[in-house]
Amino acid sequence: MTKETWGRVCNELLKTVGKSNYTTWIAPLRMIDMAEGIAAFEAPTKFMRDWVSRNFGEAILRELRNDGHVVERIEFRVPELRPIPANEVSRPVAAPAPAAPKARSDEDLPGAPLDARFTFDSFVVGKPNELAHAAARRVAEGGPVTFNPLFLYGGVGLGKTHLMHAIAHELQIRRPEARVRYLSAEQFMYRFVQALRERQIMDFKEMFRSVDVLMVDDVQFIAGKDSTQEEFFHTFNALVDQGKQIIISADRAPGEIKDLEERIKSRLQCGLVVDLHPTDYELRLGILQTKTEAYRAQYPGLTMADGVLEFLAHRITTNVRVLEGALTRLFAFASLVGKEISLDLAQECLTDILRASDRKVTIEEIQRKVAEHYNVRLSDMIGPKRVRTIARPRQVAMYLSKQLTTRSLPEIGRRFGGRDHTTIMHGIRKIEELMGSDRQIAEDIDLLRRLLES
C-alpha cells in the first residue's frame, strides 16, 4: 500500500475518531506491510500497540476495507532492537535480562518518595475525617474498584497527603506486584513539559497509562495550565477505561477549583468526593496525646503538667501541622531549659503561634455555616426573599456577625445584600428577644457559636 493510499485512510480515520484521538494514537503508526490479507503496522511502544489494537483496530480495519483493500486482520508490532552504533556492528546484541518485580522504585513513584511516618497506624481518626479515612482504607485494600476516582479535599494540614501516603504504603504490602505512582500535580506538569521538550511524549504516556494506581496530590496546581490539563484529562480517561484506580487530592472541591476545565471537574466529580473537615477539639486533643506518647520515649526525663494538652487543643485551631509543630517546639524547649512542661512555659515558648492562631471569624463564614445549619441556599439568605424560612436564618446570621466580628452595622448590611443598618439592628433585636422565649433558637445560636469558634 502506498503512502497516498494510507493518507486517504488516515483522512477518513480523522473524521471517525476525532482530531485528538487521531493525533495521539493514529498519527504515530507506521504502515510496514500488507500481504496475504494481513495489514501490519509498527507502533512506537507496547502500550500504544495494545491501546490502538483494543480501541481503534476495528476502525482501521473498516476504513482499509472501505478504501478497497482485501484485509482479513491487522497486526501491530513494536521495534524489538535498539539502533546499533557503527562501532558495535560486529558485536552480538544480547537481550536485556527481565527485571525482577519491585514493590516500589523511582520509576514506580517518580519524583515523590513516600514518608515512612504517614501510615494508617499513625493517622488519628475523629469525626471530621472518619469518612475520608474509611474511603482511603477501602481503596488501600486493593479489591475491585468501587469508586473512581477517590477525591480527597480540605484545607492545609488536615491529613490529605497523610492519607495518600498511607494508601500507597498499604498497597505495597497487600499488592507488591502492583504499579503504584504517587506524585504531586506540579511534578506531573514538570514531567509532561520535560517530555515535550525532549520529544519523548509517547514514553510519558506509557509511563502514566500503564499503572494500576495513579495518585496525584494537590491537583489544583494544574488549573490554568491548558496543555497539562489536556494530557491529564486523557490520562484520566485511559486509566478509568482500563478499570485502574485513581486517587486525587486538592485544597477544595472539584467544582470550586478556578480555571480547571469543566470536563475535568465533571470527571473528578463522578467518583467519591470526600471533604476532610477542619479539626474539632476532640480530634486535636487526640492528635496531641498520640504525639506526646511518642515524644515521651524521646525525652524520658520530661514531665508535663495537667491541662497543657487541653490548652493547646483549644487555642491552636488552624491546622494539624501547626499543632504538631507547636508540640515539637514545646518538648525541645523544655528539654533545653530543663523545666517541666507547664502552662506558663507553653505560653512563653509558643507566644507567636498562639497569637497567630487566635480565631478570626468572618461574616462569609457565618453566612455559610448558618445556611448549612438551616438548609437554605446562601444566595437566598443574602437575597431579597422575606419568607419566614429564610428571614429567620438571615437574622440569626446578622446576630452572630455582630457578636463574633468587629464589623460595623453598615458593613454587615453591605454583606447581606446591601441592606440598611436599621434592618440589621432590627434583625439583631429580634433574635435577642427570641433567645429568651424560644429554646430552639437559643440552642441553635449556642451550637453555631461553638462551631464557628472551634
Side-chain angles (χ1 to χ4, degrees), residues 113-141 150-174 182 215 217-218 247-252 272-300 302-332 334 341 343 346 349-350 353-354 356-357 359 450-454:
L114 299 179
D115 193 321
R117 299 171 301 168
F118 293 164
T119 64
F120 283 118
D121 289 339
S122 62
F123 189 83
V124 180
V125 183
K127 191 170 183 179
N129 60 23
E130 62 183 353
L131 177 58
H133 176 264
R137 276 283 195 186
R138 174 68 61 83
V139 170
E141 290 172 359
L150 170 61
F151 189 97
L152 304 171
Y153 77 94
V156 175
L158 297 183
K160 303 184 300 296
T161 299
H162 190 141
L163 284 177
M164 298 274 279
H165 284 234
I167 292 171
H169 281 307
E170 192 72 12
L171 285 169
Q172 288 174 11
I173 296 170
R174 291 175 176 265
Y182 166 83
M215 311 174 72
D217 208 353
D218 291 322
I247 306 158
I248 307 290
S249 81
D251 62 355
R252 68 206 78 171
L272 179 62
V273 179
V274 184
D275 180 8
L276 281 89
H277 297 283
T279 57
D280 57 17
Y281 172 80
E282 289 77 12
L283 179 56
R284 292 194 296 272
L285 184 58
I287 292 170
L288 287 171
Q289 289 170 341
T290 300
K291 295 294 179 182
T292 298
E293 289 303 315
Y295 280 130
R296 288 191 191 281
Q298 186 177 349
Y299 302 98
L302 288 182
T303 58
M304 179 178 289
D306 293 338
V308 173
L309 295 184
E310 289 78 2
F311 169 77
L312 296 179
H314 178 72
R315 288 293 303 274
I316 302 177
T317 60
T318 46
N319 66 64
V320 175
R321 291 195 188 117
V322 175
L323 191 67
E324 292 179 349
L327 190 65
T328 301
R329 186 198 294 188
L330 190 56
F331 267 92
I341 300 176
L343 280 174
C349 173
L350 305 175
I353 295 178
L354 295 173
S357 297
R359 189 80 164 101
R450 284 190 284 111
L451 285 173
L452 289 162
E453 290 181 335
S454 63

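Within the 4.5 Å cutoff, the side chain of Phe123 has heavy atoms near those of the Asn129 side chain. Side-chain contact check for Leu330 versus Val308: some heavy-atom pair is nearer than 4.5 Å. Residues Leu150 and Arg138 have side chains not in contact (no heavy-atom distance under 4.5 Å, counting atoms from C-beta outward). Between Phe311 and Leu288 the shortest side-chain heavy-atom distance does not fall below 4.5 Å. Using a 4.5 Å cut-off on side-chain heavy atoms (C-beta onward), Thr161 and Asp115 make no contact. Considering only heavy atoms from C-beta on, Val320 stays 4.5 Å or farther from His162 through its side chain. Between Asp218 and Asp251 the shortest side-chain heavy-atom distance does not fall below 4.5 Å. When side chains are defined from C-beta on, His169 counts as touching Leu114, because their heavy atoms get closer than 4.5 Å.
Scanning both residues, Phe151 and Ala250, for their nearest heavy atoms gives CZ-CB, 3.5 Å. Taking every heavy atom of both residues into account, Val124 and Gly286 meet most closely at CG1-C, 4.0 Å. Arg329 approaches Cys349 most closely through the heavy-atom pair NH1-O, 3.1 Å. Closest of all the heavy-atom pairs between Leu343 and Gly307 is CD2-O, 3.9 Å. The two residues Val274 and Ala135 have their closest heavy-atom pair at CG2-CB, 4.4 Å. Closest approach of Leu327 and Lys291 over heavy atoms only: CD2-CB, 3.5 Å.
Considering CG of Asp217 and CE of Met164, their distance stands at 4.5 Å, rounded to 0.5 Å. With rounding to the nearest 0.5 angstrom, the NE2 atom of His314 is 11.5 Å from the CG atom of Leu312. To the nearest 0.5 angstrom, Ile247 atom CD1 is 11.5 Å from Leu272 atom CG. Here the straight-line distance linking atom CD1 of Ile341 with atom OG1 of Thr292 works out to 7.5 Å at 0.5 Å rounding. Taken from CD1 in Ile316 to CZ in Arg284, the straight-line distance is 9.5 Å, to the nearest 0.5 Å. The structure places NZ of Lys127 at 9.5 Å from NE2 of His277, a figure rounded to the nearest 0.5 Å.
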Inset, instruction - Go through the steps to decide whether Thr279 and Leu323 satisfy the test side-chain contact (heavy atoms from CB on, under 4.5 Å), and finish with yes or no. - result: CA-CA 11 Å; Thr279 57; Leu323 191 67; over 6 Å; no
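For the pair Lys160 (side chain) and Gly155 (backbone), a donor-acceptor distance under 3.5 Å is present. When atom types are taken as modelled, the side chain of Arg321 and the backbone of Val156 share no donor-acceptor pair closer than 3.5 angstrom.
Taking the six-membered ring where the residue is Trp, the centroids of Phe120 and His133 are separated by under 6.0 Å.
Checking His165 against Tyr182 by side-chain atom types alone, a donor-acceptor pair falls below 3.5 Å.
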